[in-house]
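Read the structure below first, then the notes.
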Number of protein chains: 2
Amino acid sequence: MGFIVSTKGRYALRVMLDLAEGDVGAYVPLKDISDRQEIPHKYMEAIMSRLTKEGLVNAAHGKGGGYRLARPADTYTVGEILMATEGDVVPVACLEGGFECPRAEECKTLPIWRKLDGMIRDYLNSVRLTDLLEGSP
Amino acid sequence: MGFIVSTKGRYALRVMLDLAEGDVGAYVPLKDISDRQEIPHKYMEAIMSRLTKEGLVNAAHGKGGGYRLARPADTYTVGEILMATEGDVVPVACLEGGFECPRAEECKTLPIWRKLDGMIRDYLNSVRLTDLLEGSP
DNA sequence: CTATTTACCTACTATATTGGTAGGTATGTT
DNA sequence: AACATACCTACCAATATAGTAGGTAAATAG
């Protein structure tokens with residue numbers, strides 16, 4: 001079975017939520033987060049690297065360091081976080097970035113994938129990180 | 001990148017469309033279809049096996065044999081065809097059939113996946129095979 | 001200046017899935 | 001008997017997933 005969102009994106013979302021729930025503005029060591037969320041610390045490091053490079057979080061070394069949100073919590077969307085960690089989030093290979101299908105013109109199924117992709121994208125971009133805190137989506 | 005629908009489902013859909021476009025009721029050899037659709041014949045055989053077992057098409061051996069739709073073309077939905085070939089069509093592993101997440105109760109992200117899954121499922125089940133012929137979805 | 005704490009970087013691995021290919025067998029028609 | 005078709009089994013190369021292991025660099029506390 002193929003999944004549109006892997007552990008990378010799911011874990012990223014949980015970490016961002018953890019950061020949004022705590023004392024926003026303070027740096028939180030990854031170890032604390034991965035303990036709370038029961039996610040392997042070492043694995044999580046690779047994912048944080050993406051989030052840092054994409055500018056979604058700030059990182060600080062040494063004692064008192066860790067990660068914190070780079071912006072106010074309510075300015076993040078779920079879609080943004082997933083894109084940062086997963087790369088493209090698309091339902092079929094036909095829509096992958098850079099791929100150009102030679103049958104695209106004639107293909108009767110392509111419109112379904114386009115529509116589906118639009119729905120998924122619109123939904124994920126419409127949900128704010130803070131919406132998840134209250135459990136309102 | 002993970003995709004929710006692989007070539008299996010996409011090819012199956014194209015074959016079903018090909019059958020719906022031609023002389024419905026007559027048996028069409030798979031070779032003809034895979035030539036028209038530019039899909040490897042041998043690979044397609046495995047996919048047809050699923051469609052046959054699920055009762056979506058009828059098969060007939062020997063000369064004059066091949067495959068045909070088992071029901072009127074407008075009674076098929078895209079969702080049905082994809083489920084038959086892909087098994088579960090779900091966006092994340094959390095929702096996979098038989099999987100029971102121990103964090104489900106407390107998980108703040110699960111509602112997104114549920115909602116997303118519902119949207120995808122509803123859409124795919126709402127599109128009829130014949131809708132694709134005119135290009136109306 | 002040293003110890004500690006944290007992020008960061010590189011490499012490896014086991015397992016599964018995808019997208020096939022190859023070759024033979026069974027069944028039906030002419 | 002010849003042929004055309006579906007059906008069955010086995011194999012394979014490439015890629016992605018979900019990690020693990022071990023070290024390096026930077027910041028702070030004492």
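Everything numeric in this text was worked out from a predicted model, so none of it was measured. Convention: sequence-line order gives letters A, B, ...; per-chain numbering from 1. Values below: all heavy atoms of this structure, side chains included; hydrogens, waters and symmetry mates excluded.
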Worksheet item: Are any of the side-chain nitrogens in Glu38(B) or Arg103(A) under 4.0 Å away from the carboxylate oxygens of its partner?
Response: yes
Worksheet item: So where does chain B start and stop touching DNA chain D, 5' to 3', when the test is distance under 4.0 Å to a non-hydrogen atom?
Response: dA4(D) to dT17(D)
Worksheet item: Rounded to the nearest Å, what distance is computed from the NZ atom of residue Lys53(A) to the P atom of nucleotide dA7(C)?
Response: 15 Å
Item to complete: Answer with base, sugar-phosphate or nothing: what part of the nucleic acid does Tyr27(A) contact at a heavy-atom distance below 4.0 Å?
Response: nothing
Worksheet item: With Asp35(A), which residues qualify under side chain to side chain contact (heavy atoms under 4.5 Å, CB included), at least two apart?
Response: Lys31(A)
Worksheet item: Cluster question for you: counting only ILVMFWY and a side-chain heavy-atom cut-off of under 4.5 Å, with indirect links fine, are Phe99(B) and Ile4(A) together?
Response: no
Discussion item. Please report the end-to-end axis angle for the helix from dC1(C)-dG30(D) to dT30(C)-dA1(D), five pairs per end, rounded to 10 degrees.
Written reply: 10°
Worksheet item: For Asp74(B), does its backbone N or O pair with a side-chain atom of Arg128(B) as donor and acceptor, under 3.5 Å?
Response: yes
Worksheet item: Is the shortest heavy-atom distance from the side chain of Tyr67(B) to the side chain of Leu30(B) under 4.5 Å?
Response: yes
Discussion item. Within the 4.5 Å heavy-atom criterion, are Val78(B) and Asn125(B) side-chain neighbours or not?
Written reply: no
Worksheet entry | Sidechain N-carboxylate O distance under 4.0 Å for Arg50(B), Glu86(B) | no
Fill in: Listed partners of Ala46(B) passing side chain to side chain contact (heavy atoms under 4.5 Å, CB included), at least two apart
none
Worksheet item: Should the pair Arg71(A)-Glu80(A) be classified as a salt bridge under the 4.0 Å nitrogen-to-oxygen rule?
Response: yes
Practice prompt. Give the rounded distance in Å between these two atoms: CZ of Arg68(A) and P of dT6(C).
Written response: 16 Å
Worksheet item: Using 4.0 Å as the upper bound for N to carboxylate O, is an ion pair formed by Arg121(A) and Asp117(A)?
Response: yes
Worksheet entry | Whichever of His41(A) and Lys8(A) has its nearest DNA chain D nucleotide further upstream toward 5' | Lys8(A)
Response to the item:
From CG of Asp32(A) across to C1' of dT5(C) the rounded distance in Å is 12 Å
Worksheet item: Reckon Thr7(B) has a side-chain N or O less than 4.0 Å from the OP1 or OP2 of dG19(C)?
Response: yes
Worksheet entry | Base-contact (B) and sugar-phosphate-only (S) positions in nucleotides 24-30 of chain C, heavy-atom cut-off under 4.0 Å, - elsewhere | B-BBBS-
Worksheet, complete the sentence: Sorted by chain and number, sequence neighbours left out, side chain to side chain donor-acceptor pair (under 3.5 Å) with Glu45(B) holds for none
